[in-house]
Structure formats: C-alpha cells, structure tokens
Protein chains: 2
Amino acid sequence: MADIPREREESLDVIQRELTAFARRARSAAARLHPDLPLVSYTLLAHIDYRNGCRATDLAAHYMLDKSTVSRQVASLEKLGLVERHPDPDDQRIQVLHPTAAGTQALASTQASRRAAYRERLGTWTSGDLEQFAEYLLRYNSAGEETPPL
Amino acid sequence: MADIPREREESLDVIQRELTAFARRARSAAARLHPDLPLVSYTLLAHIDYRNGCRATDLAAHYMLDKSTVSRQVASLEKLGLVERHPDPDDQRIQVLHPTAAGTQALASTQASRRAAYRERLGTWTSGDLEQFAEYLLRYNSAGEETPPL
DNA sequence: CCACACTCGTTGTAGTATACAACTAAAGTT
DNA sequence: AACTTTAGTTGTATACTACAACGAGTGTGG
C-alpha cells in the first residue's frame with residue numbers, strides 16, 4: 001500500500017482540501033480568539049516578537065504580503081501602541097520593529113487563550129502525534145519558502 | 001520522550017505558528033494559482049462540486065462564514081455563469097446550488113494546476129508521510145466542527 | 001564626485017472579503 | 001391565526017490586500 005500513484009493522488013487531494021478548509025476558517029476563528037486586536041496585525045506582532053525585532057520587509061517576505069500592506073498594518077499597530085520603530089543607525093532607510101511593553105503584554109494574554117484552545121482541541125492527541133504533525137507542517141511550509149504554499 | 005508536558009507545549013506552539021503562517025500565505029498563493037477566478041469563490045465552487053450540490057447555508061457552516069458573505073459570493077459565481085440555483089420543490093426557501101458545465105470545466109482546469117503545484121511541492125514525501133499528514137489534517141479539522149479551528 | 005541603480009518605506013487608489021443588522025419570504029408549531 | 005424558526009438578500013461599515021507612483025537613503029561605476 002505504499003507507492004501506488006493513485007493513493008498518492010488521493011492523499012494530495014485530501015491535503016489540499018483540508019488545508020483549504022482550514023485557511024478559509026482561520027479568519028473567523030482568529031476573530032473569536034482576539035476580538036480586540038486588529039486581528040491580522042496580531043500575526044505580524046507575534047512574528048516581530050518571535051524574531052526579537054525585524055523589519056517591515058521581513059514581514060512582507062515571510063507572509064507574502066505587499067510592502068504597502070505591511071506598512072499600513074505596522075502603522076496601525078504603532079497607533080495602538082503595540083510596536084515601536086527604531087531607526088537603524090547604520091542605514092537610515094531601515095526601521096527595526098519591536099513590541100512595546102503593551103505589545104508584549106497583549107501578545108501574552110492572547111497567546112494564553114490560543115494555547116488553551118489548542119490544548120483543548122488537540123488534547124486527545126498523543127505527544128508523538130503532535131510532534132509528528134508539527135514536523136510535517138514545518139516541512140510543508142519550509143518547502144514553499146520560494147514557491148507558493150497552496 | 002513521550003508525555004513530558006513541556007514537549008507537548010512546544011509541539012503545540014509549532015503547530016500554531018506554522019498553521020498561522022500557512023493561513024496568512026494562502027491568499028497570495030491562491031491568487032497566483034487562479035488569477036482569473038474570483039478566488040474565494042473558487043473554494044465555494046469546489047465545495048459545491050465536492051458535495052454534488054448544496055445550499056448556501058451549508059457553505060456558510062462549513063467555512064464559518066456569514067450567510068450574507070456566502071450570498072454575495074454565490075451571486076458573483078452565478079453572474080460568472082459558474083453555478084446555477086435550483087429551487088427545492090419541497091421547500092421554496094431553499095436554493096440548491098450546482099456547478100454549471102462552465103463551472104465544472106473551470107474547476108477542472110484549476111484543479112489541474114493545483115494538483116501540479118502540490119505534486120511538485122510534496123514530491124519528495126513518501127506515500128506513507130502523505131497519508132499520515134492527510135490523516136492528521138482530517139483529524140485536526142474534524143475536531144473543530146464545533147469549536148474554532150485556530 | 002556625480003549619475004544611475006537599488007532598497008526601504010509611504011501614500012493614493014481601487015477591489016475583494018467579511019460581518020452585523022434589518023428585512024422578506026416560506027415553513028413549521030401551537 | 002399567531003408565533004417561531006429557517007433561508008436568503010440587501011444596506012452599511014470595516015478589514016485586508018495589491019499595484020502604482022513616489023520620496024528618501026545607499027551603493028557603485030565612471
């Protein structure tokens with residue numbers, strides 16, 4: 001039951017369909033998890049934090065967004081007092097983005113409810129399955145650093 | 001290396017982060033794969049086809065969308081001549097949606113390029129890994145029929 | 001040192017996706 | 001017949017996004 005092409009195709013179709021369903025549902029779910037935070041911005045804020053500061057260009061590359069989109073999102077995060085921009089002394093074009101204290105705090109409280117949701121949702125999974133699933137997702141996403149993910 | 005809670009948390013965080021990254025990238029990727037099709041509508045059309053006809057309400061439930069959103073998307077698909085509405089004779093409130101010939105055809109050609117993209121992307125995976133990954137995604141998504149997926 | 005090219009970011013404009021609320025119409029329930 | 005529930009539409013407002021044009025800073029080849 002291993003290398004029969006038909007089985008591969010079936011698996012690919014399932015993966016395609018389920019990933020699509022997930023992506024379509026993600027927004028509404030995210031809205032429920034942090035109704036306050038501008039919601040897409042949350043993702044960017046989380047990434048800024050994860051990277052310990054980064055540039056707008058990095059965000060655009062990572063999420064495949066136009067720089068104008070990122071620019072506005074960052075502006076909105078700044079207006080909300082969640083991120084700060086620090087000009088890079090070596091290159092005046094660059095603004096290094098960092099979460100403010102409020103940003104870190106907002107992230108932490110949101111992260112808590114996200115974690116709780118995931119824990120509940122994946123509560124019945126064995127640790128081995130979680131690990132394996134995480135590994136698959138990493139592999140899947142990294143495969144598409146260059147090419148489109150969907 | 002099995003049931004240590006810390007390891008579970010780490011896996012959960014990775015899953016969370018990678019699923020989020022995927023969801024954020026999905027739109028831009030989808031835009032590249034079918035620049036012609038209204039692009040969100042594609043998903044709905046695919047689901048209508050997959051189900052061999054369904055109601056707008058079913059689409060809303062499946063993708064966690066507001067009925068007004070679905071109503072407009074379906075209207076746009078109809079205007080493009082990709083779906084037809086057939087009133088249910090037993091219940092005049094209901095419109096059963098079906099792909100038109102053009103809809104089926106559009107779906108087929110898009111599906112071809114999608115399949116190609118997935119085949120390329122997952123070409124190095126073993127059939128076993130694909131099967132396992134598909135199974136995880138199914139399990140993950142079905143766990144959230146009630147609760148939010150993200 | 002200057003002209004050209006490149007990079008980072010912003011702003012103008014426009015299209016798409018989405019939700020919420022109010023509404024119509026058709027069934028179903030008392 | 002009156003109330004409730006379900007299916008779908010429309011009005012309105014907002015979020016997200018891209019593309020194009022632009023401004024400012026950096027780097028490089030004459």
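Nothing here was measured: the structure is a model prediction, and the numbers come from that model. Here is the naming used below: chain letters follow the sequence lines, and residue numbers restart at 1 for every chain.
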Check: protein-nucleotides 2-6 of chain D nitrogen or oxygen pairs below 3.5 Å:
residue : atom : partner : partner atom : Å
D:dT6   : O4'  : B:R93   : NH1          : 3.4
D:dT6   : O2   : B:R93   : NH1          : 3.0

(message) Whether the side chain of A:N141 engages the backbone of B:E18 through a donor-acceptor N/O pair (distance < 3.5 Å, no angle test) should be reported.
(response) yes
(message) Side chains of B:E131 and A:S11 only: does a donor on one sit below 3.5 Å from an acceptor on the other?
(response) no
Scan nucleotides 17-19 of chain D against the protein and return all N/O pairs shorter than 3.5 Å with their distances rounded to 0.1 Å.
residue : atom : partner : partner atom : Å
D:dT17  : OP1  : B:R24   : NH1          : 3.0
D:dT17  : OP2  : B:R24   : NH2          : 3.4
D:dA18  : OP1  : A:M64   : O            : 3.4
D:dA18  : OP2  : A:D66   : N            : 2.6
D:dA18  : OP2  : A:T69   : OG1          : 2.9
D:dA18  : N6   : A:R72   : NH2          : 3.1
D:dC19  : N4   : A:S68   : OG           : 2.7

(message) Rounded to the nearest 0.5 Å, what separates atom CG in B:L44 from atom CG in B:L65?
(response) 7.0 Å
(message) Is it the case that the side chain of B:R24 and the backbone of A:M64 share a donor-acceptor pair, with hydrogens and angles ignored and the cut-off at 3.5 Å?
(response) no
(message) Looking at A:R55 and A:D88, is there a salt bridge between them, counting it only when a charged N and a carboxylate O are closer than 4.0 Å?
(response) no
(request) If the plane angle is over 60° it's perpendicular, under 30° parallel, otherwise tilted; pick one for B:Y63 and B:H47. (result) perpendicular
(request) May I ask you to decide if B:Q16's main-chain N or O and B:T20's side chain share a donor-acceptor pair within less than 3.5 Å? (result) yes
(message) Once you measure the plane-to-plane angle for B:W125 and A:Y140, does it fall in the parallel (<30°), tilted (30-60°) or perpendicular (>60°) bin?
(response) perpendicular
(request) Whole angstrom is fine here: how far is it from CD in B:Q92 over to P in D:dG8? (result) 12 Å
(message) Return the CD1 to OH distance between B:I15 and A:Y118, rounded to the nearest 0.5 Å.
(response) 8.0 Å
(message) What is the first contacted nucleotide of DNA chain C and what is the last, in 5' to 3' order, if contact means an atom lying under 4.0 angstrom from a heavy atom of chain B?
(response) C:dA17 to C:dA27
(message) Judged by each residue's nearest nucleotide on DNA chain D, which is more toward the 5′ side, B:S71 or A:P89?
(response) B:S71
(request) State whether the side chain of B:S41 and the backbone N or O of B:L77 hold a donor-acceptor pair below 3.5 Å, judged by distance alone. (result) no
(request) Write down the distance between CG (A:D91) and C1' (D:dG27), rounded to a whole number of angstrom. (result) 10 Å
